[in-house]
Amino acid sequence: MKIVSATILCSTFLLTAATSSQAITIDSVEGAWINPKGGNYVTGTGTNVITWGNPANPYNYQSGLRFDGSAPPAITVDSDQKFKIGQLTHFNNIITDGAINAVDLQISLSFSDPADLNSNLDFSFSVEETPNVSGNRYWDADFIGFANSYANESFKIDGVDHTLHLLGFHDIDGNLINEFISPEMGTNSAWLWGEITADFQQTAPVPEPATMLLFGTGLAGLAGYRRRNKKE
């Protein structure tokens, strides 16, 4: 029975090595708006503030979006640890024309653990500027959302695929939703939340020769144990 126990122990070791979790630390999160779709009078492409449209009168401002990154605390991957990626602000001003309908946010992550790792991830957002017909800023609200709900992008740490998932915005009740409702004629903000997962199974570590010898010896011993039982 000792040989059987050794074999089970080796199998458990290999399975654990393939599914271990990992703690990482993100030093900073930055964002830049790129690839606006549609619209006119677009300014700020490649920065964290993008504006568009023709103001309704000389005293008004353009509409626009701003992203302010927020470095989370240390994250344990695959622990369902949700964190704030940053704050999205919509400048919902009255414009006569020139609204964009979509734009990409390039999120840049800078890590201190593992050190000197940087990753740029692109996420697409839809922009729906509604007609201002009711005169009520809430009924005339605009909508900012994921072009693809619950978007995600991947990067590698030590050869293991990690994925940053955009989970959504927090509504007033604390629920995660994939659309930010922005009342007209106001500067409105919402926190963007995310989560990082990793595919440890994809790149399971190769056992050391000594481990393989132990594993093989255990299997051979188990076979011998079974043969002796049959003879008895």
Side-chain angles (χ1 to χ4, degrees), residues 17-37 42-51 64-91 100 102-127 144-171 174-180 182 188-205:
T19 58
S20 61
S21 60
Q22 178 184 14
I24 62 176
T25 303
I26 300 174
D27 267 355
S28 67
V29 179
E30 297 180 353
W33 299 102
I34 59 175
N35 303 324
K37 307 294 192 301
V42 178
T43 66
T45 300
T47 72
N48 74 317
V49 180
I50 187 170
T51 60
L65 287 169
R66 184 179 74 213
F67 177 78
D68 296 299
S70 174
I75 299 163
T76 301
V77 176
D78 284 338
S79 63
D80 295 325
Q81 184 177 349
K82 299 174 178 60
F83 58 90
K84 293 177 181 178
I85 296 175
Q87 190 173 53
L88 196 71
T89 299
H90 181 218
F91 307 109
I100 66 173
V103 65
D104 294 343
L105 176 62
Q106 184 175 82
I107 296 177
S108 300
L109 305 178
S110 178
F111 298 81
S112 60
D113 183 16
D116 301 323
L117 175 66
N118 297 287
S119 185
N120 294 326
L121 310 170
D122 295 347
F123 297 90
S124 294
F125 286 80
S126 60
V127 179
I144 313 298
F146 305 134
N148 298 305
S149 297
Y150 302 97
N152 60 77
E153 283 287 341
S154 297
F155 55 99
K156 286 185 181 292
I157 296 178
D158 295 332
V160 177
D161 282 334
H162 287 63
T163 301
L164 172 62
H165 305 268
L166 291 191
L167 300 177
F169 304 100
H170 260 178
D171 65 11
N175 301 312
L176 284 169
I177 56 176
N178 68 332
E179 194 170 53
F180 168 30
S182 175
N188 310 297
S189 298
W191 284 102
L192 184 62
W193 287 73
E195 180 181 47
I196 293 178
T197 60
D199 187 3
F200 292 106
Q201 292 281 4
Q202 184 187 47
T203 53

Report yes if some heavy atom in the side chain of Leu192 is under 4.5 Å from a heavy atom in the side chain of Phe169; otherwise report no.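 Touching, per the 4.5 Å side-chain cut-off.
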Write down the atom of [X], the atom of [Y], and the distance for their closest heavy-atom approach.
X	Y	answer
Ala198	Val160	CB-CG1, 4.2 Å
Ala74	Thr25	CB-OG1, 3.9 Å
Ala32	Gly46	CB-O, 3.6 Å
Pro36	Ile100	CB-CG2, 4.4 Å

Working to the nearest 0.5 angstrom, can you tell me the gap between [X] [atom1] and [Y] [atom2]?
X	Y	atom1	atom2	result
Ile107	Asn120	CD1	CG	10.5 Å
Gln106	Glu30	CD	CD	11.0 Å
Asn48	Leu105	CG	CG	9.5 Å
Trp193	Leu176	CH2	CG	7.5 Å
Ser108	Leu121	OG	CG	8.0 Å

May I ask you to decide if the ring planes of Phe180 and His90 are parallel, tilted or perpendicular, using 30° and 60° as cut-offs?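 Rings of Phe180 and His90: perpendicular, as their planes differ by over 60°.
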Geometric class of the Phe125/Trp33 ring pair [parallel <30°, tilted 30-60°, perpendicular >60°]: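 Perpendicular, since the angle between the ring planes exceeds 60°.
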Whether the side chain of Gln81 engages the backbone of Thr76 through a donor-acceptor N/O pair (distance < 3.5 Å, no angle test) should be reported.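 Between the backbone of Thr76 and the side chain of Gln81 there is a qualifying donor-acceptor contact (under 3.5 Å).
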Flag for Thr51-Thr43: side-chain donor and acceptor within less than 3.5 Å: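 Yes, Thr51 and Thr43 have a side-chain donor paired with an acceptor closer than 3.5 Å.
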Would Leu65 and Phe67 count as a side chain to side chain contact (heavy atoms under 4.5 Å, CB included) here? Give the steps. CA-CA 7 Å; Leu65 287 169; Phe67 177 78; over 6 Å; no
Using the rule given for side chain to side chain contact (heavy atoms under 4.5 Å, CB included), can you reason through Leu164 versus Ile85, listing the C-alpha separation, both sets of side-chain angles and the distance that settles it, and then say yes or no? CA-CA 10 Å; Leu164 172 62; Ile85 296 175; 4.0 Å; yes
For a side chain to side chain contact (heavy atoms under 4.5 Å, CB included) check, start with the C-alpha distance between Ile26 and Ile196, then their side-chain angles and the critical distance, and finish with the verdict. CA-CA 11 Å; Ile26 300 174; Ile196 293 178; 4.0 Å; yes
One pair to check against side chain to side chain contact (heavy atoms under 4.5 Å, CB included): Val127 and Ile144. What are the steps and the verdict? CA-CA 5 Å; Val127 179; Ile144 313 298; 3.9 Å; yes
Asp104: partners by side chain to side chain contact (heavy atoms under 4.5 Å, CB included), with sequence neighbours left out: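 Checked Asp104 against side chain to side chain contact (heavy atoms under 4.5 Å, CB included); matches are Ile34, Asn35, Lys37, Ser124.
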